[in-house]
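Heads up: the structure comes next, in structure tokens.
Computed from a predicted structure; not experimentally measured.
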Amino acid sequence: MKFLKYLLFFSIVLTSCKTKKVMVNSNVIAKDISARKVAKKHIAANFDKKTIDAKLKVNFNNGMTKQSLSVRMKIKKDEVIWLSGSKIINVFKAEITPTSVRYYSSLFKNYFEGDFSMIHELLGVEINYEQLQNLFLGQSLQNVKKEKQDIEIVNNAYVLSPKAQAELFDIFFTINPSHFKLDRQSIISPLKGQRLDIIYPSYILVNDQEFPSEMMIKAKQKKAFTNIDLTYKSVVFDTELTIPFSIPNGYKRLNF
């Protein structure tokens with residue numbers, strides 16, 4: 001039950017869309033080009049707005065519990081991710097910065113203040129603020145231009161993977177040839193029997209910016225799984241944002 005409380009919070013870390021929306025064409029045929037060129041095009045397609053104000057629907061399922069939440073998310077790029085989840089009443093609020101994670105649940109009367117160990121506990125991988133932000137934007141968790149990449153075309157998509165994979169896990173980036181954003185990114189640890197897949201089924205065009213319209217997170221361990229589906233209902237870029245966050249008195253502290 002405690003784990004569910006945390007997961008309901010982090011299942012929310014993503015984005016949405018308001019203003020005029022156009023589905024991005026994904027019918028381009030993948031041509032035989034170099035890994036370096038694909039990596040360069042992916043980085044060039046990175047999100048270039050300063051703020052995001054979004055609404056989304058989040059569905060959570062771990063085989064034992066199913067839950068649905070409405071979530072408001074605000075992002076000041078490279079500064080803060082603010083989240084507020086509700087189901088008739090407010091369930092939680094969270095504030096994530098490059099150096100800290102703060103969260104409280106008005107439903108369960110508890111709170112957390114600390115580093116990214118809470119996110120590590122949820123996703124099973126070490127992740128920092130920039131990587132978490134990239135995850136929400138359809139961008140690679142690692143800078144694909146900094147390391148030499150292998151490339152292959154699978155199901156009409158470019159799959160990049162570092163020539164020198166990490167010792168404990170393998171990572172793969174599946175890049176769409178239409179807009180060079182991600183279709184999927186996967187982190188696989190055969191030794192631990194763990195796998196994390198982040199899937200982007202489709203993108204929309206908002207103010208000339210490609211942006212995910214939905215996202216699926218699938219975390220698997222040897223004897224457990226967690227699926228989190230996010231559907232983005234509205235999104236607005238480059239607006240003035242207020243980021244209210246204050247942990248109420250009398251709540252119980254959560255420790256990891």
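Listed by chain and residue number, nothing satisfies the side chain to side chain contact (heavy atoms under 4.5 Å, CB included) test with Ser246 (two or more places apart in sequence, or in another chain). Qualifying side chain to side chain contact (heavy atoms under 4.5 Å, CB included) partners for Thr242, counting only residues two or more places apart in sequence or in other chains: Lys74, Pro244. Take Ile247 and apply the side chain to side chain contact (heavy atoms under 4.5 Å, CB included) test, not counting sequence neighbours, and it matches Tyr104, Tyr111, Glu113, Phe245. Scanning for side-chain hydrogen bond (donor to acceptor under 3.5 Å, both in side chains) contacts around Asp197 gives Arg184, Ser186, Arg195, with sequence neighbours left out.
The two residues Asp208 and Leu205 come nearest to each other via the heavy atoms C-CD1, 3.6 Å. Between Thr226 and Ile228, the shortest heavy-atom distance links the atoms CG2-CG1, 4.0 Å. Taking every heavy atom of both residues into account, Ala157 and Ala30 meet most closely at N-CB, 4.4 Å. The two residues Ser178 and Val28 make their nearest non-hydrogen contact at OG-N, 3.3 Å. Scanning all heavy atoms of the two residues, the minimum distance from Leu196 to Ala219 falls at CD1-CB, 4.1 Å. Taking every heavy atom of both residues into account, Ala45 and Phe180 meet most closely at CB-O, 4.2 Å.
Residues Leu69 and Phe60 fail the side-chain proximity criterion, which asks for heavy atoms closer than 4.5 Å. In this structure, the side chains of Ile151 and Ser34 stay at 4.5 Å or more apart for every pair of heavy atoms. In this structure the side chain of Tyr251 never reaches within 4.5 angstrom of the side chain of Ser105, judged on heavy atoms. Between Ile96 and Tyr103 the shortest side-chain heavy-atom distance does not fall below 4.5 Å.
Applying the 6.0 Å contact sphere to NZ of Lys57 captures no more than 12 heavy atoms from other residues, nucleotides or ligands. The number of heavy atoms from other shown groups lying within 6.0 Å of CZ (Arg253) is above 12. Other residues, nucleotides and ligands contribute only 12 or fewer heavy atoms inside 6.0 Å of the NZ atom of Lys220. Heavy-atom contacts from other residues, nucleotides or ligands closer than 6.0 Å to CG of Asn155 number 12 or fewer.
Grouping Ile, Leu, Val, Met, Phe, Trp and Tyr by side-chain contacts under 4.5 Å, direct or through others, puts Val154 with Val159, Phe172, Ile188.
Between the CD atom of Gln185 and the CZ atom of Phe173 there is a distance of 6.0 Å, given to the nearest 0.5 Å. Rounded to the nearest 0.5 angstrom, Lys233 NZ and Lys55 NZ are separated by 12.0 Å. Atoms CD1 and OG1, on Ile75 and Thr51 in that order, are 9.5 Å from each other to the nearest 0.5 Å. Taken to the nearest 0.5 Å, the CZ atom of Phe211 stands 7.5 Å off from the CD1 atom of Ile204. Remark: Asn59 CG to Met216 CE distance equals 12.0 Å, nearest 0.5 Å. A distance of 10.0 Å separates CD1 in Ile199 from CE in Met215, rounded to the nearest 0.5 Å.
A distance-only check finds no donor-acceptor pair linking the side chain of Asn207 to the backbone of Gln209 [under 3.5 Å]. With Ser213 contributing its side chain and Ser202 its backbone, the two residues share a donor-acceptor pair below 3.5 Å.
Placement of Leu182 and Ile33 within a single hydrophobic cluster is found when ILVMFWY residues are connected by side-chain heavy-atom separations under 4.5 Å, directly or transitively. Val91 and Trp82 end up in different hydrophobic clusters when Ile, Leu, Val, Met, Phe, Trp and Tyr side chains are linked at under 4.5 Å.
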Apply side chain to side chain contact (heavy atoms under 4.5 Å, CB included) to Lys31 and Ile153, showing your working. CA-CA 9 Å; Lys31 298 179 180 179; Ile153 296 176; over 6 Å; no
Give the C-alpha distance, both sets of side-chain angles, the deciding distance and a yes or no for side chain to side chain contact (heavy atoms under 4.5 Å, CB included) between Leu241 and Thr239. CA-CA 6 Å; Leu241 297 181; Thr239 59; 3.7 Å; yes
Stepwise side chain to side chain contact (heavy atoms under 4.5 Å, CB included) test for Lys109 and Lys252: CA-CA 6 Å; Lys109 307 299 181 185; Lys252 182 179 179 181; over 6 Å; no
With side chain to side chain contact (heavy atoms under 4.5 Å, CB included) as the criterion, how do Asn176 and Tyr200 come out once you've worked through the C-alpha distance, each side chain's angles and the decisive distance to 0.1 Å? CA-CA 10 Å; Asn176 192 297; Tyr200 307 88; over 6 Å; no
Could you walk me through whether Asp150 and Lys163 satisfy the salt bridge (Lys or Arg N to Asp or Glu O under 4.0 Å) test, starting with their C-alpha distance in whole Å, then the side-chain angles of each, then the deciding distance to 0.1 Å, before giving a yes or no? CA-CA 6 Å; Asp150 287 323; Lys163 285 183 176 293; 2.7 Å; yes
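For the residue pair Asp170 and Ser161, no side-chain donor N or O sits within less than 3.5 Å of a side-chain acceptor on the partner.
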Name every donor-acceptor pair, under 3.5 Å, that has one atom in a side chain of residues 128-140 and the other anywhere in the protein, sequence neighbours excluded.
unit_1 : atom_1 : unit_2 : atom_2 : d
Asn128 : OD1    : Glu130 : N      : 3.2
Asn128 : OD1    : Gln131 : N      : 2.8
Tyr129 : OH     : Val80  : N      : 2.9
Tyr129 : OH     : Val80  : O      : 3.4
Gln131 : OE1    : Asn128 : N      : 3.0
Gln131 : NE2    : Leu141 : O      : 3.4
Gln133 : OE1    : Asp78  : N      : 2.8
Gln133 : NE2    : Asp78  : OD1    : 2.9
Asn134 : OD1    : Gln139 : NE2    : 3.0
Asn134 : ND2    : Ser140 : O      : 3.1
Gln139 : OE1    : Phe47  : N      : 2.6
Ser140 : OG     : His42  : NE2    : 3.4
Ser140 : OG     : Gln142 : O      : 2.6

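Because its NZ or CZ atom is not both nearer than 6.0 Å to the ring centre of Tyr203 and within 45° of the ring axis, Lys181 does not count as a cation-pi partner of that residue.
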